[in-house]
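Here's the structure, in structure tokens; my notes come after.
Hydrogens, waters and symmetry mates are skipped; everything else that's a heavy atom, side chains included, is used. All figures in this text were calculated on a predicted structure; none of them were measured in a lab. The chains referred to below are lettered A, B, ... by the order of the sequence lines, with proteins before strands, and numbering in each begins at 1.
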There are 4 protein chains.
Amino acid sequence: MSQGSEHRKRKPGRPRDESARKAILDAAYRMLMERGLGRLTVEAVAGEAGVGKPTIYRYWANAQELAMAALISRTSFRDSDPDEAVPLDTALKAHMADVVAVFSTARGRQIVSTMASADTESELSKAFRGQIIEGSRAIGREILIAAENRGEIHLGDSVEQVLDFLYAPVFYRLLTGKPIDRDYTDRTVELIDRLLSGCSCGSAMK
Amino acid sequence: MSQGSEHRKRKPGRPRDESARKAILDAAYRMLMERGLGRLTVEAVAGEAGVGKPTIYRYWANAQELAMAALISRTSFRDSDPDEAVPLDTALKAHMADVVAVFSTARGRQIVSTMASADTESELSKAFRGQIIEGSRAIGREILIAAENRGEIHLGDSVEQVLDFLYAPVFYRLLTGKPIDRDYTDRTVELIDRLLSGCSCGSAMK
Amino acid sequence: MSQGSEHRKRKPGRPRDESARKAILDAAYRMLMERGLGRLTVEAVAGEAGVGKPTIYRYWANAQELAMAALISRTSFRDSDPDEAVPLDTALKAHMADVVAVFSTARGRQIVSTMASADTESELSKAFRGQIIEGSRAIGREILIAAENRGEIHLGDSVEQVLDFLYAPVFYRLLTGKPIDRDYTDRTVELIDRLLSGCSCGSAMK
Amino acid sequence: MSQGSEHRKRKPGRPRDESARKAILDAAYRMLMERGLGRLTVEAVAGEAGVGKPTIYRYWANAQELAMAALISRTSFRDSDPDEAVPLDTALKAHMADVVAVFSTARGRQIVSTMASADTESELSKAFRGQIIEGSRAIGREILIAAENRGEIHLGDSVEQVLDFLYAPVFYRLLTGKPIDRDYTDRTVELIDRLLSGCSCGSAMK
DNA sequence: TGATAAACGAGACGGTACGTCCAGTCTTTCC
DNA sequence: GGAAAGACTGGACGTACCGTCTCGTTTATCA
């Protein structure tokens, strides 16, 4: 055999132009921020990106999928540092500050819009939620479990429920048009901390 | 004066057909449930309701406002009975069951979609949120305050925060496509109850 | 009855804008002459006429039908004067000069293109041929029959065949890209005249 | 000189695949007959022929040229036998039967379409007309001149005009969607024969 | 025998136009 | 004189092909 079996045979035909893909996502993201999901037209993105419409449709089925892809490509969360043994509330507050940074400004609104208008069951929709929702939850989960391992708190089987308490208010306020700031997330974290600390007894009483 | 002053002068011209208004809202609600906000077109509603497009535009400025109006007309919460002195968790669980009933099925998704895609600042948008969000919160707030008045819990100034904990997860799960059922809301209420009971001490420690 | 029964009740709603129809046909005709059938796009006509595409599609199903309509609206033949008793060849030559005037320049080419590319069986296609082909033949037929009535010629049952001899060469030359001028049609008419005169004997011999 | 001058230096590189050319023309001809010129797309022909688009564009500049080439490759006229001394009308009728055979069915329509939509001045267009138009005329011309040489008729300088009378009606009827059959061409030939025979006197009278 | 060169299939590219849907507006008739 | 109905302009949709391009592959000639 001239080549290793791990060598994936390349598909025939002209390969896709990765720079076109980037330009499309950039233009889409820009328009999403400036005009919102309702005004994001494939036509305009194509024009802006210097690309033909069919090129866009080769990658994404419609404007919503394009919007999701654009948002995914720009949304990531800073991982927590697992080495540092900071108290739970400090770690959570720092993390929520990151979350707020991601969701404040227009981006949060657009993410929520896109998520709300997407077909719940489509592949890309699941990927989108996986990226945005699970992307944030994973870090919070890590922090909580680290604290439990340190004996700081006792979670039992309510980790996911607690994570809902942590993140749900952010989306709820985005949805209802109320502002989110560090102050708000700090108070949220304090309440949760009280729940988890004070409830070691509560849990013990159970 | 040619006519008695107590006689409310009827406005000139053909009076509005109230049945048309109803037919429009009905058709809009039906289409919203069947096809979703993105597929709700004024044209289709007009056809379905047997009405001309301008008749719809006379009442609402665009499809979103129509959707809001249709949802408002069908969404209300059963008030709690303030006389009965039931324990906090029982009352909250019963209330959340009502909330789940309102938001389960397609309606909840469509409410979230509509809220997410609406212009945050418009009058009707505020009215919509007032109806849907504040409509539910008011009842929860009432229940919490009654419990505080009975000395069952101590809320301090965190009522609104607690209300966020109560309702936010519902919208969060609607948004993320996860199911909501009584089981979930029951667990939510239990955690909140633990927070508020166990934290009388937590609060005292503060 | 307040009004005569011949009064056709007008349909409700905004009536079609006749000036739009005219503008479309004008623009289409102009583009047809300037660019040819292959370059006649509905999009460009709409732009040129200051009209939306759907307005064009309300009247005509596609660019070909539009082209036919535009050509029909501009193509008519001057009728012969049945009172004047001019000799056959003089009358035919004058008529063929009219025909040449209609088909010379770009118009003839476009008519032939349109006719050649049209669906043979469509209603509008039949109307188009009726207008263009039969419109010319009718006059020629009239002239021939008048001559026969005067005893100038004897046609027998070959009128249509003779008409083919008269008009077919014009289209044949348009199709083959050869020029047509009065000289050519004059020679055609002379040959036909010889055929019809000299063949009174030929016919008698039969 | 390093090589014999009679040895045409073969171009380097892979030689063109003649079978691909054939497959393309076949597929194009088939589609032309089945769908017509307007529906003949290079894309579909490439797919049908199992060939890449660039291979088609290497040979022909666009779909029209391809159509012309496909039609030329399938269109030829049986030459007359110059030895046999058959009477004029018999020879012409036999020839016109051949012509009808070539132009009947869909092929004639497509030839006319292609001719009508082609750029009049292009090289291939001239070749196309040379093949189709002149290909038929040449045989008719031969027959006429043979008859004149036999003293059967006197043509003078109107050979081309008479040829127009012979072929033009065929194209005229193709264009106008009327049927052509042997009966029709027979009658055409009879009229022409009468014109040419009876008009020796007509010509003398002149 | 290997380098070089052209033609091959495949298919993505930037474009143009298609024919459709719907948004909102405007103009007429109806009540 | 406002409500109702429908045609209007206009913008975007998603699709079909255009003609061009870049790939990796195949088939020949030339060194």
Side-chain angles (χ1 to χ4, degrees), chain A residues 9-21 39-47 49-63, chain B residues 10-17 20 39-47 50-59 61-63, chain C residues 9-17 19-20 39-47 49-63, chain D residues 2 9-17 19-21 39-47 49-63:
Chain A
K9 188 82 152 284
R10 208 227 259 221
K11 277 198 299 181
R14 177 174 174 174
R16 291 193 171 181
D17 183 349
E18 199 55 32
S19 75
R21 191 190 147 91
R39 298 275 151 74
L40 179 80
T41 69
V42 173
E43 201 129 303
V45 171
V51 143
K53 276 202 289 174
T55 301
I56 294 181
Y57 283 108
R58 244 188 295 281
Y59 287 100
W60 303 281
N62 49 51
Chain B
R10 216 247 243 199
K11 278 198 295 181
R14 180 173 172 174
R16 289 194 175 183
D17 183 351
R39 299 274 148 77
L40 180 82
T41 68
V42 172
E43 197 131 304
V45 170
V51 142
K53 279 200 288 175
T55 304
I56 294 182
Y57 282 108
R58 209 166 289 118
Y59 289 102
N62 52 47
Chain C
K9 188 82 150 285
R10 203 219 267 219
K11 279 197 297 182
R14 178 173 174 175
R16 291 194 169 181
D17 184 350
S19 75
R39 298 276 150 75
L40 179 80
T41 69
V42 173
E43 200 129 305
V45 171
V51 142
K53 277 201 288 174
T55 302
I56 294 181
Y57 284 108
R58 242 189 296 282
Y59 288 101
W60 304 281
N62 50 51
Chain D
S2 59
K9 184 87 153 282
R10 184 82 82 160
K11 278 195 297 181
R14 178 175 173 173
R16 291 194 172 180
D17 182 351
S19 75
R21 191 190 146 92
R39 300 274 149 78
L40 180 81
T41 68
V42 173
E43 201 131 305
V45 170
V51 141
K53 280 200 288 175
T55 304
I56 294 182
Y57 283 107
R58 239 187 299 282
Y59 288 102
W60 303 281
N62 51 48

| note | For C:Asn62, the side chain to side chain donor-acceptor pair (under 3.5 Å) test, sequence neighbours excluded, returns none

| Donor-acceptor pair under 3.5 Å, D:Arg58 side chain vs E:dA7 base | no

| task | Quick one: list whatever passes side chain to side chain contact (heavy atoms under 4.5 Å, CB included) with C:Ala61, sequence neighbours left out. | result | C:Glu65

| Contacts of type side chain to side chain contact (heavy atoms under 4.5 Å, CB included), residue A:Ala46, not counting sequence neighbours | A:Lys53, A:Ile56

| Once you round it to whole Å, what is the distance between C1' of E:dA7 and OH of D:Tyr59? | 9 Å

| task | Could you check whether C:Thr55 gets within reach of a base, just the sugar-phosphate, or nothing at all, counting any heavy atom under 4.0 Å? | result | base

| said: Is there, by distance only and without an angle test, a donor paired with an acceptor across the side chain of D:Arg14 and the base of E:dC8 below 3.5 Å? | reply: no

| task | List in chain and number order the residues that pass side chain to side chain contact (heavy atoms under 4.5 Å, CB included) with D:Arg16, two or more places apart in sequence or in another chain; answer none if no residue qualifies. | result | D:Arg58, D:Tyr59

| field | Minimal non-hydrogen separation, B:Ala20 against B:Val51, with atom names | value | CB-CG2, 4.1 Å

| message | What is the distance, to the nearest angstrom, from the CD1 atom on A:Ile56 to the C1' atom on F:dC13? | response | 12 Å

Pairwise N/O distances under 3.5 Å, protein to nucleotides 20-23 of chain E:
from   : atom 1 : to      : atom 2 : distance (Å)
E:dA23 : OP1    : B:Val42 : N      : 3.1
E:dA23 : OP2    : B:Val42 : N      : 3.2
E:dA23 : OP2    : B:Glu43 : N      : 3.0
E:dA23 : N7     : B:Lys53 : NZ     : 3.3

